[in-house]
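So the structure is just underneath, and the comments pick up after that.
Protein chains get the first letters and strands the later ones, always in sequence-line order, with residue 1 at the start of each. What you are looking at is a predicted structure, and each value in this text was computed from that prediction instead of being measured.
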2 protein chains.
Amino acid sequence: MDEKKYCYKYPHPSVTTDCVIFGFDGTRLQVLLVKRGIEPYKGRWAFPGGFLKMDESCEEGALRELREETGLTGAYIEQFHAFSDPHRDPRERVITIAYYALVKIQEVQGGDDAERAEWFALDEVPPLAFDHDRILREAMKRLRERIHFEPVGFELLPEKFTMKQLQNLYEAILDVHFDRRNFTKKMLHFNILNQLDETTRPTPKREAFLYSFNVESYNELKQKGFRLEF
Amino acid sequence: MDEKKYCYKYPHPSVTTDCVIFGFDGTRLQVLLVKRGIEPYKGRWAFPGGFLKMDESCEEGALRELREETGLTGAYIEQFHAFSDPHRDPRERVITIAYYALVKIQEVQGGDDAERAEWFALDEVPPLAFDHDRILREAMKRLRERIHFEPVGFELLPEKFTMKQLQNLYEAILDVHFDRRNFTKKMLHFNILNQLDETTRPTPKREAFLYSFNVESYNELKQKGFRLEF
DNA sequence: ATTTTTCGTGTATTTTTTACACAAAAAGTG
DNA sequence: CACTTTTTGTGTAAAAAATACACGAAAAAT
């Protein structure tokens, strides 16, 4: 029989963490999904996540699940919402604390013990398990706000990137279009980019300058309470 | 004996909601605290909150606790963070989903069955129970961000208010100072204010125009994805 | 009547945003 | 090799927004 040895005077909900993992392929935003191997929603795609242990904070739990299910370690994660509809899980009362992670997509491919994990472009995400469709919408909404206060590119782009990639990223997240020249001008004015001497090696057409983020300048700027305007 | 009849195969944390209630007295931001009547932290001030029931969402739970502990009904609340340090409550593992409420302070005074509730100006908040000091800091941080996307004055100011009150509110939340003339100009350009024919009745010195928010214009503007800039 | 406080208002200057076009680099084509 | 195609770097003029700033009028207190 399954022994139920943890007893309480009042009913307690289960608590899970789920993690929406964002990556950027240079053109489009992507999310990493895992295929569920068990009921409910067996065979459906979902965000990696699972039950919280009693001796870990939600952040620790989210990072652990990330590692276990996708092989990702030390990702940048940020909590964005707790989902608590009493019937969001058909089995029992489960509250999930949702995080989003920003990862460099090219550092994730391969090396994962989770073959069940797969990247999907945002506009090609299949119907998800549980209320994960809603979770994704909320994650996007939060990311869109976040980008005004933090240069999320730090986490999503490779060390070296072109101005076009950076612009593509902002356009993908905010779903807008910028004039190429004005975007460059504005971005450089923030003074948080290093223009490198190198250019793109496997050049597509004409080779472009590479940039990297200047963490020191960014932190300095942030101290003064600035905002990235777009 | 205290019967423990709710049993699970794995340990479950307790889940509570807590609510940081912001009000504005025309000059300063205030928060509503309740004095704890029981251990732990008996006699310390804390945010109203309590255990979540199994058949209610966190939002419902937060609103219920608000009503029970302060008499407030139908407040505007917004979830902002789940606090989950394994030792944040000395008794047992408790995860709290924290909300902030924005209320019209003048509609709250009196009428409360909770005499234990009291308003404190932000810079006069006493040391709080549990990790509520941290919760307050996070709530402020979130409110400060929120104000760039939503006119929080809708909820914090009375129906009719003066431009000075509105300016004081923005200054209190953002902790900055604006030029009176420039603030007025900018605010009116958003076109979400109705200038009323009335002026302040119990006039302090010279009477000032009263304004109200124009919800329709605001919603229109919001649809287009605008941002309040300050 | 005088003083004190708060209110409403406008303009000139600076800064930021926006719109916009051409020449050079590389690759692909035949 | 010439030619075409795609992508890159770059600057300027016009419009809009942000800023700095001062005085006269209304009301209350004395």
* Geometric class of the F154(A)/F213(A) ring pair [parallel <30°, tilted 30-60°, perpendicular >60°] -> parallel
* Whole-Å distance between dT18(C) P and F178(A) CZ? -> 9 Å
* **Rounded distance (Å) that lies between atom P of dA17(D) and atom CG of D179(B)** => 18 Å
* Structure fact -> Here the pair of heavy atoms bringing D179(A) nearest to Q167(A) is C-NE2, 4.3 Å
* Asked: In whole Å, what is the span from the CZ atom of F230(B) to the P atom of dA17(D)?
  -> 14 Å
* **Donor-acceptor pair under 3.5 Å, R206(B) side chain vs dA25(D) base** => yes
* Structure fact -> Sorted by position of nearest nucleotide on DNA chain C, 5' first, the leading residue of R180(B) and K185(B) is R180(B)
* Could you please name the option among dC21(D), dC20(C), dA27(D) that lies closest to any side-chain atom of N182(A)? => dC20(C)
* Structure fact -> Among dC21(D), dG28(C), dT6(C), the one nearest any side-chain atom of K205(A) is dG28(C)
* To do: Apply the test salt bridge (Lys or Arg N to Asp or Glu O under 4.0 Å) to residues R227(B) and E229(B): give CA-CA distance (whole Å), side-chain angles for both, the deciding distance (0.1 Å), then the verdict.
  => CA-CA 6 Å; R227(B) 301 218 342 278; E229(B) 302 285 345; 3.5 Å; yes
* Side chain of A208(B): nearest nucleotide among dA26(C), dC20(C), dG8(C)? -> dG8(C)
* Asked: So, does N194(B) use its side chain to make a donor-acceptor pair with the main chain of L196(B) at under 3.5 Å?
  -> no
* Asked: In whole angstroms, how far is the C1' atom of dT16(C) from the CZ atom of R181(A)?
  -> 17 Å
* Asked: So what does K164(A) touch, heavy atoms closer than 4.0 Å: a base, only the sugar-phosphate, or nothing?
  -> sugar-phosphate
* **Gap between atoms CZ and C1', on F183(B) and dT9(C) respectively (whole Å)** => 17 Å
* Structure fact -> F209(B) has its side chain closest, among dG8(C), dA22(D), dG11(D), to dG8(C)
* To do: Could you tell me the separation between the CG atom of L188(B) and the P atom of dA17(D), rounded to a whole number of Å?
  => 14 Å
* Could you state the atom-to-atom distance from CD of E207(A) to C1' of dA25(C) in whole Å? => 8 Å
* **Check: K186(A) side chain, dT15(C) base, donor-acceptor under 3.5 Å** => no
* To do: Kindly confirm or rule out a cation-pi arrangement of K160(B) over Y211(B), judged by NZ or CZ under 6.0 Å from the six-membered ring centre and within 45° of its axis?
  => no
* Asked: How long is the line joining CD of E229(B) and C1' of dT19(D), in whole Å?
  -> 16 Å
